Amino acid sequence: MDSRTPQDTSRQARIAEMRRAEKTRDRRNKILAITVSTAVVAGLVGFGAWVLIDQKQQEKDAEAARKAPVSGEQDWDAKKLGRNHVDTPVKYEMNPPVGGDHHPRWMNCNGDVYKNPVPEVNAVHSLEHGAVWVTYSEKAAKGDLDKLAETVGKTPYSLMSPVKEQTGAIMLSAWGKQLTVDSATDPRVAQFFTKYVQGPQTPEPGAACTNGLADK
């Protein structure tokens, strides 16, 4: 014989219903947590894959830029460019010079932007170490100079300075190589940096670009 009162039966029914609701809520929360975690993991994996693909594409683009010739650049036979260290003035056949005998001390070229002209004999030594030297005349627009200064400032083995007497508005020089452009947005600027900063033309790759001459 059941001795429970109607009140007891009703109370137990409510407790059972609450337990069922709690279990249902727990299952729903677990499913939600699993779904969210799966989505997060999938998103991270997808983002990681995208970053990897993008990085590989950038590497391919850089390699292609290094292999392709730079349209319009001038070349000099590196074997005919002197590399002696001298303390006397040097008369170069091109302006700005892209190689030749030079001063024993290099111009600092760790992304250095010089407001005044720098000694050619020191800058040429920087080229020997694998630097790209950006020069400009009064023809260059200020916006272009700002953009070039930004590029040089974040690029080790590069330097920038004015050369009033040069023929082009903007000129980029590496050892035995030179390019003239009218604008900093010319795609050949980026290609020149990619190809020649510590590029294969460098007579002394890895040599210092700091602790040299710094005259800003």
Side-chain angles (χ1 to χ4, degrees), residues 55 58-70 72-79 81-85 90 92 94-136 140 144-163 166 168 170-181 184-216:
Q55 182 179 358
Q58 289 182 16
E59 292 173 356
K60 288 181 180 179
D61 291 344
E63 184 62 24
R66 281 189 287 268
K67 291 181 178 179
V70 179
E73 75 173 10
Q74 290 182 278
D75 294 275
W76 285 263
D77 188 348
K79 294 180 180 179
L81 295 173
R83 289 181 52 201
N84 297 313
H85 287 181
V90 180
Y92 296 105
M94 71 293 289
N95 185 35
V98 298
D101 294 344
H102 49 269
H103 194 274
R105 193 177 184 189
W106 56 88
M107 205 74 204
N108 278 349
C109 47
N110 192 35
D112 294 87
V113 178
Y114 299 96
K115 300 300 182 183
N116 300 310
V118 301
E120 293 180 332
V121 288
N122 300 95
V124 169
H125 197 158
S126 300
L127 301 185
E128 186 182 40
H129 290 189
V132 164
W133 182 18
V134 178
T135 56
Y136 57 93
D144 286 325
L145 298 184
D146 291 342
K147 185 174 180 61
L148 289 167
E150 181 181 358
T151 298
V152 170
K154 61 184 180 183
T155 307
Y157 287 96
S158 72
L159 68 159
M160 177 175 172
S161 68
V163 175
Q166 70 180 33
I170 299 167
M171 300 178 74
L172 287 78
S173 302
W175 189 269
K177 311 288 183 180
Q178 193 166 81
L179 175 69
T180 300
V181 297
T185 59
D186 190 312
R188 294 175 298 168
V189 172
Q191 184 186 3
F192 197 92
F193 270 82
T194 300
K195 191 176 181 72
Y196 295 127
V197 169
Q198 285 287 282
Q201 84 294 340
T202 305
E204 297 180 4
C209 245
T210 58
N211 297 320
L213 181 64
D215 182 15
K216 297 183 180 181

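Residue indices begin at 1 and follow the sequence shown. As the structure is a prediction and not an experimental result, all values here were calculated from the model.
In the displayed structure, D77 atom CG is contacted under 6.0 Å by more than 12 heavy atoms of other residues, nucleotides or ligands.
Judged by distance alone, with hydrogens and angles left aside, the side-chain atoms of E73 form no donor-acceptor pair with the main-chain N or O of K177 at under 3.5 Å.
Annotation: the span from T151 atom OG1 to M160 atom CE amounts to 9.0 Å, rounded to 0.5 Å. Here the CD atom belonging to Q178 is positioned 8.0 Å from the CD atom belonging to Q166, to the nearest 0.5 angstrom. Taken to the nearest 0.5 Å, the CZ atom of R188 stands 14.5 Å off from the OG1 atom of T194. We find the CG-CG distance between N122 and N108 to be 10.0 Å, quoted to the nearest 0.5 Å. Put simply, CH2 on W133 and CG on L172 are 11.5 Å apart, with the number rounded to the nearest 0.5 Å. Taking CG of D186 as the start and CG of L179 as the end, the distance is 7.0 Å to the nearest 0.5 Å.
Residues L148 and V189 come closest through the heavy atom pair CD2-CG1, 4.1 Å. Nearest heavy-atom pair across L127 and S173 is CD2-O, 3.6 Å. Scanning all heavy atoms of the two residues, the minimum distance from A174 to V132 falls at CB-CG2, 4.5 Å. When all heavy atoms of A184 and D144 are compared, the closest pair comes out as N-OD1, 3.1 Å. The two residues P119 and L213 make their nearest non-hydrogen contact at CG-CD2, 4.1 Å. When every heavy atom of K195 is checked against every heavy atom of A68, the shortest pair comes out as NZ-O, 3.1 Å.
Proximity of V121 to Y92: side-chain heavy atoms (C-beta onward) are separated by under 4.5 Å at one or more points. At a threshold of 4.5 Å between non-hydrogen side-chain atoms, the residues E128 and W106 do not count as touching. Residues S161 and P117 are not in side-chain contact: their nearest non-hydrogen atoms beyond the backbone lie 4.5 Å or more apart.
Ring planes of H102 and W175: perpendicular class, angle over 60° (limits at 30 and 60°). In this pair, H85 and H125 present their aromatic rings tilted. The plane angle is within the 30 to 60° band.
A salt bridge between R83 and D101 is absent, with no side-chain N of the basic residue lying under 4.0 Å from a carboxylate O of the acidic one.
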Going through the checks in order, is the side-chain contact (heavy atoms from CB on, under 4.5 Å) test met by M107 and Y114?
CA-CA 10 Å; M107 205 74 204; Y114 299 96; 3.8 Å; yes
Mind running side-chain contact (heavy atoms from CB on, under 4.5 Å) on V163 and E120 for me, showing each step along the way?
CA-CA 10 Å; V163 175; E120 293 180 332; 5.6 Å; no
